[in-house]
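Residue numbers start from 1 in every chain, and the chains themselves are labelled A, B, ... in the order their sequence lines are given, proteins ahead of strands.
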Amino acid sequence: MCGRYLLYSSTDVLARAFGLDPTDRPNLAPRYNIAPTQDVPIVRLGEGRRRLDRARWGLVPSWAKDLAIGTKMINARSETAHEKPAFRQAFRARRCLVPADGFFEWTSENKVKQPWLLEPAAGGPIAFAGLFEHWRSPEGESVQSCTILTTDASADIQHLHHRMPVILAEASFDRWLEATVDEARPLLCPAPVGTLRARQVDRRVNAVKYDDPSLIEPAPVQASLL
DNA sequence: CCAGACGTTGTT
DNA sequence: GTCTGG
DNA sequence: CCAGACGTTGTT
DNA sequence: GTCTGG
């Protein structure tokens, strides 16, 4: 699945990779530990162009009574999202790309949770397939939110998990953003073997309060082994 | 009919 | 809002 | 996803 | 054990 990710590419790099309007250059702080409920950049169609927008990670359906439901909607199964009450309207009309430079998965041994970084072997950034939704609170507060679609893990990362985020190739962006449901669904499949490489990273990643480049520097040799 | 869920993952 | 379960 | 809270009353 | 917050 995908419950924590990174996005540190510059706005210029994102603009080139995602074909954004040249005037669309918001300042983005580099992020090394993005967690659910936080605001993240998404790429969506607006006025015929691909625009960077912001959305709270964890989709809040339009009928929700409060924001809390979003914490349960950080991922959507790509096999069923088009028919689920929480996601199907977004699947029909509000698909997006979620830019990333990698994501984290965890292994657990003797109750020690060890994070791994999965990053694009060819260099980033990459595009997760996403959905977004608009919600208005009883008090009139307006919130845009999003979710990341998941699929079976490709062979190269199955030793870490059996699900992974859907990663779209650039050639698929237009179809994902614009095509019909039936045309878009076949795009939701595991990334080709070799797309990602995995390496252990600092366990500080577990705590969302840490968010800096040192989190993904190569792990130091364990002193206890010397 | 009304009430309550609406989700994913992993583990048992 | 819409579906499921009782 | 993981970490941290999980509660009330009264007082500052 | 389960929920909430980030």
A:Glu79 with A:Arg163: basic N within carboxylate O range, under 4.0 Å
yes
With sequence neighbours excluded, what pairs up with [X] under the salt bridge (charged side-chain N to carboxylate O under 4.0 Å, His left out) test?
X: A:Arg88; answer: none
X: A:Arg136; answer: none
X: A:Arg197; answer: A:Glu119

Within residues 185-209 of chain A or reaching into it, pairs that qualify as ring pair (Phe, Tyr, Trp, His ring centres under 6.0 Å) - sequence neighbours excluded
none
All N/O contacts under 3.5 Å from nucleotides 5-7 of chain D to the protein, with atom names and distances to one decimal?
none

Do any of residues 60-98 of chain A sit with a heavy atom less than 4.0 Å from DNA chain C, and if so which?
A:Trp63, A:Arg88
Please list, one pair per line, the donor and acceptor atoms closer than 3.5 Å that link side chains of residues 95-103 of chain A to other protein atoms, with sequence neighbours excluded.
residue	atom	partner	partner atom	Å
A:Arg95	NE	A:Trp176	O	2.5
A:Arg95	NH1	A:Phe91	O	2.8
A:Arg95	NH2	A:Ala179	O	2.0
A:Asp101	OD1	A:Ser9	OG	2.7
A:Asp101	OD2	A:Tyr8	N	2.7
A:Asp101	OD2	A:Ser9	N	2.9
A:Asp101	OD2	A:Ser9	OG	3.2

Sequence neighbours left out, cut at 3.5 Å: what donor-acceptor pairs do the side chains of residues 59-72 of chain A make with other protein atoms?
residue	atom	partner	partner atom	Å
A:Asp66	OD1	A:Ala68	N	2.8
A:Thr71	OG1	A:Ala68	O	3.0

Parallel, tilted or perpendicular, as decided by the 30° and 60° cut-offs, for the rings of A:Trp116 and A:His159:
perpendicular
A:Thr80: side chain to side chain donor-acceptor pair (under 3.5 Å) partners, not counting sequence neighbours:
none
Taking only residues two or more places apart in sequence, or in another chain, which ones meet A:Thr180 in a side chain to side chain donor-acceptor pair (under 3.5 Å)?
A:Glu183
Hey, where does DNA chain D pair up into stems, meaning at least three consecutive Watson-Crick or G-U pairs with distances under 3.5 Å?
D:1-6 with E:1-6
Expected list for residues 130-155 of chain A near DNA chain B, using heavy atoms below 4.0 Å, is A:Thr150
